[in-house]
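Worksheet for the structure shown next.
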Amino acid sequence: MKKTRCALCYAVLAVCFALLLAVSVGTGSAALSPHEILRILLLREGAGTAAYNVLLKIRLPRVLAAAVMGGTLSVAGFLLQTFFRDPIAGPYVLGVSSGAKLAVGAVMIFGMKLWGRVPFGAVMTAAFVGAMLCASFVMIVSRKIHSMAMLLVVGMMIGNVCSAATDFFITFAKESDIANLTSWSMGSFSAVSWGNLRICLAVIAVCLLLCLLLAKPIGAYQFGEHYAASMGVNVRRFRAALIGLSCLLAACVTALVGLISFVGIAVPYMTKKLLGTAKPMAVLPGCFLLGGVFCMACDWIARTAFSPTELAISTVTAFFGAPVVIVMALKRGGGHR
């Protein structure tokens, strides 16, 4: 019965994914008909025309980035929730994404001032270092504070401090760079390029493969550390792998598109509710699919709701994701009474 439910959910999510991909690619300030899109994609007709450039250089990389980054952030959230054994843990709430944002902001601002250009590899490395530093701090605090509620408060304070420091750095950027940096810091898919997206895709593909290989240890760890150890899991190495993978996934997202809120918390919760199971082999692909659908929908709303004005992606994801987190908190609070 559960396998049938999972298969049905995957099918529905795949259809939604395909429909949103088609709608997002075809709609915007310059509408493209399905006939135009197919001719450009399949036959490569119209090279150099406005429609060709809009589709292949602007809209398609943006939509694909929204799909992949949404799924990536959801998987990172699931890994952190597994690590802390709490459904409200996530890259945004625990300050991991904000740490990556601070490191990237510093490297971009001072790198552009000194050299005029910063390689994307350096940006991704900075994001990973920033994410790991914040995650390590949260892990150290978790040994002193056994209340998950207080740990989340600490994570949010870290996030606020990192965001304030990033805004401080932006004040020292060149005027020509401030607009792009501000847009990036608020979260945006508008500046995604094929080159940067390919680098992220390569790293994300390896990380997702490793996550699937860790599915059985994750399933054992969900029953507790002692149970996982009894099943032959090296708990110390496993915990390090979870943190490393979640930070690397969150770093890829932050380096490419900036801070995106609530996706890493809300989507894993919704996935488990939809599938009716918490088994990693079912949840990991489901998280990626639903995260992609969620972010593509939010990006489409951000682009078209008040066109030609574009909303920050975090504004839209917070609008739809925050109510889910509130429901989670209420159910979790009710369960402890």
Side-chain angles (χ1 to χ4, degrees), residues 65 68-69 72-73 75-77 79-80 83-84 89-143 151 154-170 172-173 177 180-181 184-187 191-192 195-208 210-211 236-261 263-264:
V68 174
M69 297 304 129
T72 300
L73 205 53
V75 172
L79 296 180
L80 285 174
F83 183 91
F84 289 102
Y92 178 75
V93 172
L94 291 176
V96 174
S97 293
S98 296
K101 172 186 170 183
L102 172 60
V104 171
V107 167
M108 288 176 68
I109 290 164
F110 294 111
M112 285 188 290
K113 186 172 289 189
L114 293 173
W115 302 293
R117 181 179 176 275
V118 182
F120 187 68
V123 173
M124 280 191 62
T125 303
F128 178 64
V129 171
M132 281 297 295
L133 287 174
C134 282
S136 299
F137 182 77
V138 171
M139 288 170 63
I140 292 169
V141 172
S142 68
R143 295 175 183 174
L151 189 62
V154 170
M156 286 188 283
M157 292 305 102
I158 293 171
N160 288 332
V161 169
C162 290
S163 293
T166 307
D167 294 338
F168 177 77
F169 285 144
I170 287 176
F172 293 96
D177 298 325
N180 290 333
L181 286 169
W184 167 83
S185 68
M186 295 175 66
V192 174
N196 294 348
L197 182 58
R198 286 190 190 100
I199 295 172
C200 283
L201 286 175
V203 176
I204 289 167
V206 173
C207 289
L208 292 178
L210 291 174
C211 289
R236 181 176 293 181
R237 290 182 181 178
F238 172 75
R239 284 166 62 89
L242 277 189
I243 284 292
L245 285 171
S246 60
C247 287
L248 190 52
L249 290 170
C252 286
V253 176
T254 307
L256 188 66
V257 298
L259 202 63
I260 303 177
S261 59
V263 176

Partners of T254 by side chain to side chain contact (heavy atoms under 4.5 Å, CB included), sequence neighbours excluded? S97, A100, K101, W184

Atom pairs and distances, donor-acceptor, side-chain atoms in residues 118-138, under 3.5 Å, two or more places apart:
from : atom 1 : to   : atom 2 : distance (Å)
T125 : OG1    : G121 : O      : 2.8
S136 : OG     : M132 : O      : 2.7

Salt bridge (Lys or Arg N to Asp or Glu O under 4.0 Å) pairs, two or more places apart, involving residues 238-247: E225-R239

Name all residues meeting the ring pair (Phe, Tyr, Trp, His ring centres under 6.0 Å) criterion together with F238; count only those two or more places apart in sequence or in a different chain, and write none if there are none. Y221

Interatomic distance, SG@C162 vs CD1@I158, rounded to 0.5 Å, equals 7.0 Å

Are N196 and V192 side-chain neighbours, meaning at least one heavy-atom pair lies under 4.5 Å? no

Across all chains, not counting sequence neighbours, the side chain to side chain contact (heavy atoms under 4.5 Å, CB included) partners of L245 are L79, C207, L210, C211, L214

Rounded to the nearest 0.5 Å, what's the gap from OG on S98 to CE on M157? Could you check? 11.0 Å

Quick check: closest heavy atoms across I243 and S246, and the distance to 0.1 Å? O-OG, 2.9 Å

How close do P91 and G77 get, heavy atom to heavy atom, and via which atoms? CD-CA, 3.7 Å

Heavy atoms only: give me the nearest A255-V104 pair and the separation to one decimal. CA-CG2, 4.3 Å

Enter the distance from L208:CG to T72:OG1 here, rounded to the nearest 0.5 Å. 6.0 Å

What's the shortest heavy-atom distance between L197 and M69, and which atoms? CD1-CE, 4.3 Å

